[in-house]
Amino acid sequence: MNKKKEKQDSVFNSRLGCFHDELRWLYMELYDNSSMFAELCDNLYDFYKERSNDLKERDLKRVERPDWYKQNDMLGMMFYIDNFAGNIPGVEEKLEYLEKSNINYIHLMPFLETPEGRSDGGYAVSDFRKVQEKLGTMEELEHLTAACHKKNINVCMDFVMNHTSEDHEWAKKARQGDGEYMDRYFFYKDYAIPEMYEKTVPQVFPTTAPGNFTWLPDVGHYVMTSFYPYQWDLNYKNPRVFNEMMYNFLYFANHGIDIVRIDAVPYIWKELNTQCRNLKQVHTIVRLMRLISEIVCPGVLLLGEVVMEPEKVVPYFGTIKKPECHMLYNVTTMATMWHTVATRDVRLLKKQLDIVNALPKKYVFLNYLRCHDDIGWGLDYGTLQCEGIKERSHKHYLNNYFQGLEGNSNSRGELYNADPVTGDARFCGTTASMCGIEKAGFEQKEEDMEKAIRLDIMLHAYLFMLSGIPVLYSGDEVGQVNDYTYKDDPNKADDSRYIHRGTFPWHLAEQVDDETGVAGQIFNQLGRLENIRKSEKAFVCQADTWTIDTFDSSVLCIGRHYEGEKILGIFNFSEYDKTAWINEADGIYMDMLNGQKMKAVGVNVPAYNFLYLKREGSDEKV
């Protein structure tokens, strides 16, 4: 036993030795508090000791293969536990379904304790060490992660660092006037300082939660609330806040969480006379978090939620010598894809993909068609302006299109956070409903349904061709449509995002083997694409990826090349048959779906359809 302990201590001390100096330097730069730093180091060792042998072995394997998550077999799925399977044990019972869906990475949407009716979808955490009672317990979570690991499924969770619920223990004590706990938030006796913040800090929800501060009459103070009045921003200038949140992070890691999604990363440091976004101290905190992970649990990945254009989120990857997040979301490209659906014009999407493809291959983006949130139209309006498209009128068109009101649209959905003054709004709806499956099903039009399914599959085929890791939103694999029953729940009725957060339709999942039905067609066609992706090495994250001119504004062509293998993806965003006027005169290509051989020259692409073409033979480089 002593030898085992000596070996474990040796591993920890070796890691700490590698990172101690930078860890201390960065910590002291922020806090200049050596006693709090010593406490942090002592606790890092305690968490390491408490980490199970299975998780330590998992860490070692991943240290030996640091690019394990950049392979072409990675496929994610995000879901709410209760919507998907009722509770945590229910998820464990559904692991075979996830395997059948080719999923090896599940993102469990917020599951920690939150107040009923004031949860913001689970992002107002009242206890970082307790699972919502209706979902299960921490012990059941640990049992689930262990079961997932046996099936080679990685587990991701949301870590809400920017704020706590007003019902959190710290907030309750702060509300009672306890100075120590008030200092863990931003409390002000009068409006003088809040007014200074408001001059430079943008509002997150200007219509549903205007302003960045909330007056608490029972305390006689204002408190900073960037998101909703019941979510109190944490003060990371206080080292106690940082230390305790890092202990929470390691607690989750020791329960088997593989990927920690850091919520609202850019917001976590506040300074007067700034926008309180993307400040340099944010990067210091994320780097500290990465160092702590490398010391205690190097098999755990950090996923940053940074909602900006791909080229602007790059700093959150850090540098080669000092990395920060392992992965980031590609939010802007997602929104631009839906713009492309509505306009049948791929030019803006092509430009954005060219920017992403020009970034270093070590950067890993998570790509998706839909997620739990609304779609905000944060597009490149500078480029669109050059084409005569104005921002306000274009947002109006996009929201009308996806509501099915104009543009020859078959989409269905609802607006979120609509502002009658600015005309701005965001959009909510499932992938299937936005593609027309809901409308076609309601109207019982077989031809429209066939077209809607083609569009749905084409968009997923496009998703799988992007550089990075594709993530499905639960229900998309069976064509789940909008759920309007949220309007009957008083805790949800005012939040239209619940339209695409409906209970998973297990009756459709039971029909996936029947390819004559909608669910079976989508599920099995996605399965074929997923099997192609994980069997072809050109789909690894490190592959060269680029776009190719098609000389048709409705057709996008993406090329991938790795170790001599080359694949083309050609996607028609129009409801009309098109020709991709490409001229890849470098050999014969095979259609990977039907085996047909052809030259990649003047390729015909049916309406709302696509081709995956693989060049026969190999070469050294493109």
**Message:** Quick one about Asn212 and Gln203 (side-chain donor to acceptor, distance below 3.5 Å, no hydrogens or angles considered), yes or no?
**Reply:** no
**Message:** Using a 3.5 Å distance criterion without hydrogens, assess whether the side chain of Thr550 forms a donor-acceptor pair with backbone atoms of Ala580.
**Reply:** no
**Item:** Pairing residues for Asp424 by the side chain to side chain contact (heavy atoms under 4.5 Å, CB included) criterion, not counting sequence neighbours
**Value:** Lys395, Thr422
**Main-chain N/O of Phe573 paired to Ser554 side chain as donor or acceptor, under 3.5 Å** = no
**Prompt:** Would Tyr105 and Cys156 satisfy side-chain contact (heavy atoms from CB on, under 4.5 Å), going step by step from the backbone distance to the final call?
**Reply:** CA-CA 7 Å; Tyr105 155 30; Cys156 172; 3.3 Å; yes
**Request:** State plainly whether the residues Glu99 and Lys151 are in salt-bridge range, i.e. N to O under 4.0 Å.
**Result:** yes
**Prompt:** Taking all atoms of both residues into account, what is the closest heavy-atom pair of Asp577 and Ala607, and its distance?
**Reply:** OD1-N, 2.9 Å
**Prompt:** Can you list the residues that meet the ring-ring contact (aromatic ring centres under 6.0 Å, His included) rule with His394, with sequence neighbours excluded?
**Reply:** His339
**Asked** Quick one: side chain to side chain contact (heavy atoms under 4.5 Å, CB included) partners of Thr332, sequence neighbours excluded?
**Response** Glu309, Pro310, Thr336, Gln352
**Prompt:** Would you say Ile437 and Val518 make side-chain contact, with heavy atoms under 4.5 Å?
**Reply:** yes
**Prompt:** Any ring pair (Phe, Tyr, Trp, His ring centres under 6.0 Å) pairs touching residues 407-451, not counting sequence neighbours?
**Reply:** Phe402-Phe427
**Item:** Partners passing ring-ring contact (aromatic ring centres under 6.0 Å, His included) against Phe551 (at least two apart in sequence or in another chain)
**Value:** none
**Item:** Residue list, side chain to side chain contact (heavy atoms under 4.5 Å, CB included) with Glu305, at least two apart or on another chain
**Value:** Arg261, Asp263, Ala264, Val307, Tyr329
**Asked** Taking atom types as modelled and ignoring hydrogens, do the side chains of Glu530 and Asn102 form a donor-acceptor contact shorter than 3.5 angstrom?
**Response** yes
**Message:** Check this for me: does any side-chain nitrogen of one of Arg528 and Glu515 sit under 4.0 Å from a carboxylate oxygen of the other?
**Reply:** yes
**Prompt:** Is Asn399 reaching over with its side chain to a backbone N or O of Gln403, donor-acceptor style, under 3.5 angstrom?
**Reply:** no
**Request:** Quick one: pull up NE2 in His500 and CG in Asp374 and give me the separation to the nearest 0.5 Å.
**Result:** 7.0 Å
**Message:** Keeping Ser119 on the side-chain end and Glu116 on the backbone end, is there a donor-acceptor pair under 3.5 Å?
**Reply:** no
**Request:** Applying side-chain hydrogen bond (donor to acceptor under 3.5 Å, both in side chains) between Ser433 and each of Glu438, Lys439, Arg370, Glu414, report the one that passes.
**Result:** Glu438
**Item:** Test salt bridge (Lys or Arg N to Asp or Glu O under 4.0 Å) applied to Lys534 - qualifying residues, sequence neighbours left out
**Value:** none
**Prompt:** Within a radius of less than 6.0 Å around CD of Glu387, do more than 12 heavy atoms belonging to other residues, nucleotides or ligands occur?
**Reply:** yes
**Item:** Any donor-acceptor N/O pair, Asn87 side chain to Gly136 backbone, under 3.5 Å
**Value:** no
**Item:** Distance, nearest 0.5 Å, that separates NZ of Lys130 from CG of Leu141
**Value:** 15.0 Å
**Message:** Is it true that Thr579 and Asn604 share a donor-acceptor pair across their side chains at a distance under 3.5 Å?
**Reply:** yes
**Message:** Going by salt bridge (Lys or Arg N to Asp or Glu O under 4.0 Å), name the residues that satisfy it together with Arg501, two or more places apart in sequence or in a different chain.
**Reply:** none
**Prompt:** Looking just at side-chain N and O atoms, do Glu450 and Tyr608 make a donor-acceptor pair shorter than 3.5 Å?
**Reply:** no
**Complete:** Ile153 and Asp258 have their tightest heavy-atom pair at O-OD2, 4.3 Å
**Asked** Measuring from Leu349:CG to Tyr462:OH, what's the distance to the nearest 0.5 Å?
**Response** 4.0 Å
**Request:** Can you sort out the partners of Phe159 under ring-ring contact (aromatic ring centres under 6.0 Å, His included), two or more places apart, ordered by chain and number?
**Result:** Phe252
**Message:** Restricting to salt bridge (Lys or Arg N to Asp or Glu O under 4.0 Å), what partner residues turn up for Glu140, sequence neighbours left out?
**Reply:** none
**Request:** Of all the heavy-atom pairs spanning Val125 and Val160, show the shortest one and how long it is.
**Result:** CG2-CG2, 4.1 Å
**Message:** Between Arg497 and Asp120, does any NZ, NE, NH1 or NH2 come within less than 4.0 Å of an OD or OE carboxylate oxygen?
**Reply:** yes
**Request:** For the pair Asn609 and Met458, evaluate side-chain contact (heavy atoms from CB on, under 4.5 Å) and give the outcome as yes or no after the intermediate values.
**Result:** CA-CA 6 Å; Asn609 220 320; Met458 184 273 287; 5.8 Å; no
**Asked** Do Thr545 and Asn357 have a side chain donor and acceptor closer than 3.5 Å?
**Response** no
**Asked** Sub-3.5 Å donor-acceptor pair from the side chain of Gln511 to the main-chain atoms of His507, do we have one?
**Response** yes
**Asked** Which pair of heavy atoms, one from Thr503 and one from Gln480, lies closest together, and at what distance?
**Response** O-NE2, 3.0 Å
**Message:** Can you confirm whether His143 sits close enough to Glu92 that some side-chain heavy atom of one is under 4.5 Å from a side-chain heavy atom of the other?
**Reply:** yes
**Request:** Look at Asp167 together with Arg118 and state whether they make a salt bridge at an N to O cut-off of under 4.0 Å.
**Result:** yes
**Fill in**
Scanning both residues in full, the closest heavy-atom pair of Leu568 with Met465 reads C-CE, 4.1 Å
**Request:** Check whether more than 12 heavy atoms from other residues, nucleotides or ligands sit under 6.0 Å from atom CD of Glu443, and answer yes or no.
**Result:** yes
**Message:** side-chain contact (heavy atoms from CB on, under 4.5 Å) for Ile522 and Ile453? Distances and angles first, verdict last.
**Reply:** CA-CA 7 Å; Ile522 294 175; Ile453 292 173; 4.2 Å; yes
**Interatomic distance, Tyr486 atom OH to Ile499 atom CD1 [nearest 0.5 angstrom]** = 5.5 Å
**Item:** Heavy-atom side-chain proximity of Thr333 to Asn367 below 4.5 angstrom
**Value:** no
**Message:** Among residues at least two apart in sequence or on other chains, which ones pass ring-ring contact (aromatic ring centres under 6.0 Å, His included) with His460?
**Reply:** none
**Asked** Looking at the rings of His372 and Tyr123, which for Trp means the six-membered one, are their centres under 6.0 Å apart?
**Response** yes
**Prompt:** Does the gap between the ring centers of Phe610 and Tyr612 come in under 6.0 Å?
**Reply:** yes
**Request:** Answer with yes or no whether the side chains of Thr485 and Asp488 bring together a donor and an acceptor at under 3.5 Å.
**Result:** no
**Fill in**
Residues pairing under ring pair (Phe, Tyr, Trp, His ring centres under 6.0 Å) where one sits in residues 72-92, two or more places apart or in two chains, turn out to be Phe79-Phe84, Phe84-Phe504, Phe84-Trp506
**Test item: side-chain donor near acceptor, Asp158 and His107, under 3.5 Å** = yes
**Request:** Output yes when Asp549 and Lys350 qualify as a salt bridge under the 4.0 Å nitrogen-oxygen rule, no when they do not.
**Result:** yes
**Item:** Point-to-point distance, once rounded to the nearest 0.5 Å, from CG of Asn400 to OG of Ser411
**Value:** 11.0 Å
**Prompt:** For Met74 and Tyr69, which heavy atoms make the closest approach, and how far apart are they?
**Reply:** CG-O, 3.5 Å
**Rounded distance [0.5 Å steps], CG in Asp456 versus CE in Met449** = 10.5 Å
